[in-house]
Amino acid sequence: MSALFPPSNYCPLQADPRFGFVFSPAPGKKGHNVLVIAIHGSDRDVDGMIAALRDGFGDREIAILAPFFPNQIDNADHADGYKFLVSGGIDYADVLDAMIAQSKALDGDFDTAYLYGFSGGAQFAERYGLFCAAHLCGLVIAAPGNVTLIDETLEWWPGLAGAKAQTDRAPDLKSLRQIPVAVMVGAQDCTWGLVARPLGTPHGSAFEAVAGDSRLARARTLHASFQNAGISSSLREIADVAHDLHPMTLNAADQIARWIDVKNTAPTSPINGE
């Protein structure tokens, strides 16, 4: 498992070697690539994510980029920093954009990009989508522990109040409304491993549980928040599944494949705004 560093085929990030990624090129590449970006959870099982996506995609011509955000950076604990997009002086959105650019250099340009995150990676995926949806053609948020609601009355990160001051980025809801979003959660995914973040703790907030007391409740609340904001969100509750990477990732692959197969589901959107 990729919880043991480094994961298979690990590639250091040239722009900042503290980080790295695994790039899995599209099998039998014949034309323009579709890129799927897969963001790991707290267990950092990069290899498991890629294997499950490959199981789900079969022989589809899809390239996979799987970032690896280490627990320790410069001898300091940054285990949860990536989940909140900007933390400890690191802008993880910029880190991901640099990984995308390096992947292009490895395998040519990509026509479309989809972002998938599981668990802690779903937190990153949602927050990246809030600010950088213009880079994406679809977003899958699977089993997030802490969510950001589309609510200007709630402080960042439970809501969007003060988001620009905290991240140096303005939310781009206009772009997020232009792409499909899928929120997924296991129907039995309740509180196992759910991290409480009360005020006074790292990344803590007085409103940390405003979306509910379980991942299932929080996924439902996030989906409703998206819909109320005019975002094209679907909710998939997966029967007989708790907090389990493999079935969640198979469902994510199925959703992304459906999007790819539907013509003109989302506007053509070059990665990194190029």
Side-chain angles (χ1 to χ4, degrees), residues 1-2 7 21-24 26-27 33-69 82-83 96 100 110 112-130 132-133 135-145 147 176 179-189 193 215-216 218-220 222-223 226 231-262 265-266 271:
M1 290 178 59
S2 292
F21 61 91
V22 176
F23 182 76
S24 175
N33 274 351
V34 173
L35 178 67
V36 170
I37 304 158
I39 309 296
H40 62 67
S42 297
D43 65 359
R44 289 164 168 77
D45 188 6
V46 171
D47 289 337
M49 293 192 82
I50 293 175
L53 285 172
R54 285 289 174 226
D55 286 346
F57 288 141
D59 60 358
R60 286 175 175 268
E61 293 184 15
I62 296 173
I64 300 171
L65 167 63
F68 185 88
F69 299 122
Y82 75 102
K83 302 173 186 177
L96 175 57
I100 294 171
F110 305 102
T112 54
Y114 298 87
L115 178 60
Y116 157 58
F118 170 73
S119 191
Q123 296 184 49
F124 172 93
E126 187 214 345
R127 293 174 184 127
Y128 184 91
L130 288 171
C132 305
H135 300 177
L136 304 173
C137 287
L139 172 63
V140 180
I141 302 164
V147 300
L176 189 55
I179 66 171
V181 177
V183 180
M184 299 184 176
V185 65
Q188 298 178 2
D189 194 350
R215 290 190 190 88
L216 180 59
R218 293 175 185 184
R220 290 170 174 171
L222 178 63
H223 167 63
F226 281 159
I231 294 163
S232 179
S233 174
S234 64
L235 176 64
R236 187 185 296 198
E237 297 182 15
I238 302 165
D240 303 318
V241 171
H243 198 61
D244 192 338
L245 172 65
H246 193 265
M248 296 302 298
T249 304
L250 290 178
N251 274 270
D254 173 74
Q255 180 61 78
I256 293 169
R258 290 170 184 263
W259 286 337
I260 292 170
D261 288 342
V262 175
T265 296
I271 307 172

A.B. asks: Return the minimal non-hydrogen interatomic distance between Ala253 and Gly56, and the atom names on each side.
C.D. replies: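 Nearest pair, atom of Ala253 first, then Gly56: CB-CA, 3.8 Å.
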
A.B. asks: Can you see which heavy atom on Ala63 is nearest to which on Asn33, and at what distance?
C.D. replies: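 Closest heavy-atom pair between Ala63 and Asn33: CB-ND2, 4.2 Å.
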
A.B. asks: So, for Ala38 and Leu53, which heavy atoms are closest and what is the spacing to 0.1 Å?
C.D. replies: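 Here Ala38 and Leu53 meet closest at CB-CD1, 3.7 Å.
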
A.B. asks: Would you say Arg218 and Pro144 make side-chain contact, with heavy atoms under 4.5 Å?
C.D. replies: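 No, too far: nothing below the 4.5 Å cut-off.
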
A.B. asks: Within a strict 4.5 Å, meaning less than it, do heavy atoms of the Ile39 and Tyr82 side chains meet?
C.D. replies: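 In contact.
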
A.B. asks: Could you check whether any side-chain heavy atom of Ser24 comes within less than 4.5 Å of a side-chain heavy atom of Arg54, counting everything from C-beta outward?
C.D. replies: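 A side-chain contact under 4.5 Å exists here.
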
A.B. asks: So does Pro247 get a backbone contact from the side chain of Asn251, meaning a donor-acceptor N/O pair under 3.5 Å?
C.D. replies: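 Judged by distance alone, yes, a pair lies under 3.5 Å.
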
A.B. asks: So do the side chains of Ile238 and Asp189 get within less than 4.5 Å of each other, counting heavy atoms only?
C.D. replies: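 Side chain of Ile238 against side chain of Asp189, heavy atoms only: no contact under 4.5 Å found.
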
A.B. asks: With side chains defined as the heavy atoms from C-beta onward, is the minimum distance between Tyr128 and Ile37 less than 4.5 Å?
C.D. replies: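 When only atoms from C-beta onward are counted, Ile37 and Tyr128 do not touch, as no gap falls below 4.5 Å.
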
A.B. asks: I'd like to know if the side chain of Arg44 reaches the main chain of Phe68, judged simply by a donor and an acceptor atom lying under 3.5 Å from each other, with no hydrogens or angles considered.
C.D. replies: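 Absent.
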
A.B. asks: Quick one: does any side-chain atom of His246 pair with a main-chain N or O of Ala51 as donor and acceptor, under 3.5 Å?
C.D. replies: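 Looks like no, no N/O pair under 3.5 Å.
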
A.B. asks: Do Arg60 and Asp261 come within less than 4.5 Å of each other through their side chains, counting heavy atoms only?
C.D. replies: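 The answer is yes, as the side chains (C-beta and beyond) meet within the 4.5 Å cut-off.
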
A.B. asks: Compare every heavy atom of Gln255 with every heavy atom of Arg236, then report the nearest pair and how far apart it is.
C.D. replies: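 The answer is NH2-OE1, 3.4 Å.
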
A.B. asks: Once rounded to the nearest 0.5 Å, what's the spacing between atom OH of Tyr114 and atom CG of Leu35?
C.D. replies: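 One finds 11.0 Å between OH of Tyr114 and CG of Leu35.
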
A.B. asks: Does any non-hydrogen side-chain atom of Val36 lie less than 4.5 Å from one of Phe57?
C.D. replies: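 In short, these two side chains touch, coming nearer than 4.5 Å.
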
